[in-house]
A.B. asks: 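First, the structure itself, so that you have it in front of you.
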There are 2 protein chains.
Amino acid sequence: MGRRNDHTAEALHAMAMAAARRLLAKEGLSGLTVRRIAQEIGYSPGTLYNHFANLDDLVLQVNAETLDQLLARLRGLEQQGSEPLPVLRAMARAYIAEIRAAPQLWSAVFEHRMAKGSELPDWFPGRIARLFEPVEAAIGPLFGPGCEADCRRAARVLWSALHGITSLVLSQKLDLATGLSAEDLADDLVTNYLAGLNRKLTNG
Amino acid sequence: MGRRNDHTAEALHAMAMAAARRLLAKEGLSGLTVRRIAQEIGYSPGTLYNHFANLDDLVLQVNAETLDQLLARLRGLEQQGSEPLPVLRAMARAYIAEIRAAPQLWSAVFEHRMAKGSELPDWFPGRIARLFEPVEAAIGPLFGPGCEADCRRAARVLWSALHGITSLVLSQKLDLATGLSAEDLADDLVTNYLAGLNRKLTNG
DNA sequence: ACCTGAACACCGTTCAAGT
DNA sequence: ACCTGAACACCGTTCAAGT
């Protein structure tokens with residue numbers, strides 16, 4: 001048939017991303033296929049390969065947007081106060097709130113793996129790493145000068161730990177005995193981990 | 001064609017599980033297919049449906065074995081001492097060691113999701129929940145009588161948090177800046193979380 | 001330069017037909 | 001009672017052919 005020129009490359013890219021996000025939200029990662037995205041935007045499957053490297057590429061771009069939305073929210077909280085504990089608690093709450101607002105999109109972030117032969121592209125780990133920046137900034141006041149390495153580690157421990165809680169709650173693999181919510185567990189984690197850091201810093 | 005009777009039902013079940021574990025270890029979850037398992041054990045694909053509900057069922061049974069192996073190791077550590085901190089540190093190390101020994105099997109535990117329409121079967125969450133028991137036993141001494149709910153929560157927070165660290169390290173989504181290992185992060189988590197619990201219990 | 005649609009090499013699952 | 005192999009309804013990806 002040949003080119004149609006109904007849409008610019010940018011418009012087609014955006015349409016595909018929007019359709020993918022819509023399918024993902026409704027059907028989950030296993031319901032997101034090249035053929036269905038193509039159908040939704042009124043193009044043939046092959047066309048998507050003119051605009052994305054492959055399905056993994058498309059999913060990663062959608063996931064990056066999901067991560068970026070949380071990042072924006074965390075950056076907003078970063079400036080709010082200088083007390084680490086309430087700021088970090090708020091960041092944990094924001095993370096959980098984002099997940100509750102779009103559980104299927106976040107499941108996709110957690111569940112997606114590259115197809116058999118391929119590696120995660122270079123640009124993606126950086127998008128995740130950005131999330132540590134606000135956390136590091138918020139936890140910073142607990143550490144004195146010259147303790148940057150400790151601060152970096154603490155931010156990574158705390159955020160990874162929080163990720164563990166949210167991902168188990170999300171996948172319902174955590175038996176939430178009598179009235180425990182993700183928020184309760186996250187509060188407990190942040191509170192006690194920070195208390196532990198404080199104690200160590202005070203004693204040492 | 002008809003029945004062959006080359007193997008008993010039990011033998012065939014075991015052969016399929018072994019083949020699945022072997023394929024999983026070598027190729028990962030995306031390389032594990034009904035057709036390949038069938039080929040490996042010298043039966044037709046349809047035969048596997050006489051012995052397993054479907055591929056999800058088979059994967060879950062393999063995953064349960066992976067979980068059970070860690071459980072056995074944790075139970076061994078449980079009896080070793082009564083000081084919570086060293087026991088819990090050892091448990092965290094054991095978890096990481098199991099993952100390092102069989103990263104593809106553990107990836108399968110973390111990555112597997114049920115096919116579109118189906119729910120996780122009843123028996124599976126219980127297999128995960130068992131892992132909390134040794135953790136709860138180890139952390140117990142920190143809590144006084146009447147604080148069982150706090151102890152339960154702490155065990156779940158700590159283990160979920162540890163899971164977050166190991167799963168991010170495993171999927172290489174954690175940028176391990178200059179020489180941070182999963183062991184380092186886990187030690188930091190356990191140490192500071194327990195210190196925080198202690199402080200709260202001491203102060204309150 | 002871009003799009004189509006058929007083709008290729010796969011999937012999980014089902015089931016009539018055989019023994 | 002159990003196994004086979006073809007069939008069904010899908011996949012992601014490629015690419016010659018068209019405009």
Side-chain angles (χ1 to χ4, degrees), chain A residues 1-17 19-20 23-24 26-62 108 111-121, chain B residues 1-17 19-20 23-24 26-62 108 111-121:
Chain A
M1 305 301 163
R3 87 189 291 177
R4 302 197 325 192
N5 251 342
D6 285 355
H7 303 93
T8 65
E10 292 73 30
L12 205 150
H13 184 278
M15 286 163 60
M17 294 277 283
L23 276 168
L24 212 48
K26 207 200 291 185
E27 312 279 356
L29 201 48
S30 68
L32 183 71
T33 70
V34 173
R35 287 164 141 95
R36 276 213 252 204
I37 297 168
Q39 196 182 10
E40 286 259 322
I41 65 174
Y43 281 78
S44 78
T47 292
L48 286 167
Y49 289 83
N50 290 327
H51 298 269
F52 298 89
N54 49 38
L55 182 57
D56 278 337
D57 179 32
L58 207 161
V59 172
L60 287 176
Q61 290 193 37
V62 172
E111 292 171 23
H112 174 74
R113 309 292 138 153
M114 298 298 285
K116 188 70 207 318
S118 29
E119 292 292 321
L120 210 57
Chain B
M1 308 296 165
R3 87 189 290 174
R4 301 197 326 192
N5 251 342
D6 286 353
H7 304 94
T8 64
E10 292 73 30
L12 206 150
H13 185 278
M15 285 162 61
M17 295 275 285
L23 277 168
L24 212 48
K26 207 199 293 184
E27 312 279 356
L29 201 48
S30 68
L32 183 71
T33 70
V34 173
R35 288 165 142 96
R36 277 213 252 204
I37 297 167
Q39 196 181 11
E40 286 259 321
I41 65 174
Y43 281 79
S44 78
T47 292
L48 286 168
Y49 290 82
N50 289 328
H51 298 269
F52 298 89
N54 48 39
L55 182 57
D56 277 338
D57 178 32
L58 207 161
V59 172
L60 287 177
Q61 289 192 36
V62 172
E111 292 170 24
H112 175 74
R113 309 292 138 151
M114 298 298 286
K116 187 72 208 319
S118 30
E119 293 292 320
L120 210 56

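Proteins come first, then strands; the chains are lettered A, B, ... in the order of their sequence lines, and each starts at number 1. In this text, all values refer to a predicted model and were calculated from it rather than measured experimentally.
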A.B. asks: Mind checking if A:T47 touches a base, just sugar-phosphate, or nothing, with heavy atoms under 4.0 Å?
C.D. replies: base
A.B. asks: Name the closest nucleotide to the A:Y43 side chain, picking from D:dT13, C:dT4, C:dC11.
C.D. replies: C:dT4
A.B. asks: Is the number of heavy atoms from other residues, nucleotides or ligands under 6.0 Å of A:Q39 CD greater than 12?
C.D. replies: no
A.B. asks: Please confirm whether the shortest side-chain N or O distance from A:T33 to OP1 or OP2 of D:dC11 is below 4.0 Å.
C.D. replies: yes
A.B. asks: Strictly by Watson-Crick or wobble contacts shorter than 3.5 Å, is anything paired with C:dT19, and which nucleotide is it?
C.D. replies: D:dA1
A.B. asks: Could you pick out which residue, A:G42 or A:R35, lies toward the 5' side of DNA chain C when each is mapped onto its nearest nucleotide?
C.D. replies: A:G42
A.B. asks: Indicate the atoms forming the closest heavy-atom contact of A:I37 with A:A19, along with that distance.
C.D. replies: CG2-CB, 4.3 Å
A.B. asks: Could you give the OH-to-P distance, from B:Y49 to C:dT13, as a whole number of Å?
C.D. replies: 3 Å
A.B. asks: Write down the distance between CG (A:D6) and C1' (C:dA1), rounded to a whole number of angstrom.
C.D. replies: 15 Å
A.B. asks: Mind checking B:L58 for me? I need base, sugar-phosphate or nothing, with any heavy atom below 4.0 Å counting as a touch.
C.D. replies: nothing
A.B. asks: Measure the distance from CD on B:E27 to C1' on C:dC10 and round it to the nearest whole Å.
C.D. replies: 14 Å
A.B. asks: Consider the side chain of B:S44, meaning its heavy atoms from C-beta on, and name the nucleotide among C:dT4, D:dG5, C:dT13 that approaches it most closely.
C.D. replies: D:dG5
A.B. asks: Would you kindly give the CD-to-P distance between A:Q39 and D:dG12, to the nearest whole Å?
C.D. replies: 13 Å
A.B. asks: Regarding B:L48, tell me which of base, sugar-phosphate or nothing describes its non-hydrogen contacts under 4.0 Å with the strands shown.
C.D. replies: nothing
A.B. asks: Between D:dA1 atom P and B:H13 atom NE2, what is the distance in whole Å?
C.D. replies: 20 Å
A.B. asks: Can you tell me the distance, in whole Å, between the CG atom of A:L23 and the P atom of D:dC11?
C.D. replies: 11 Å
A.B. asks: Counting only side-chain nitrogens and oxygens, does B:N50 get under 4.0 Å of the OP1 or OP2 atom of D:dC3?
C.D. replies: yes
A.B. asks: Could you give the distance separating C:dC8 and D:dC10 at their C1' atoms, to the nearest angstrom?
C.D. replies: 15 Å
A.B. asks: C:dC3 phosphate, OP1 or OP2: any side-chain N/O from A:H51 under 4.0 angstrom?
C.D. replies: yes
A.B. asks: Could you tell me the separation between the NZ atom of A:K116 and the P atom of D:dG12, rounded to a whole number of Å?
C.D. replies: 18 Å
A.B. asks: In the structure shown, which nucleotide is the Watson-Crick or G-U wobble counterpart of D:dT14, with both distances under 3.5 Å?
C.D. replies: C:dA6
A.B. asks: Identify the two heavy atoms, one from B:G31 and one from B:R36, that lie closest to each other, and give their separation to 0.1 Å.
C.D. replies: O-NE, 3.3 Å
A.B. asks: Please report the interatomic distance NE2(A:H112) to CG(A:L29), rounded to the nearest 0.5 Å.
C.D. replies: 7.5 Å
A.B. asks: Would you mind reading off the distance between A:F52 atom CZ and C:dC3 atom C1', rounded to a whole angstrom?
C.D. replies: 16 Å
A.B. asks: Can you see which heavy atom on A:L58 is nearest to which on A:A16, and at what distance?
C.D. replies: CD2-O, 4.4 Å
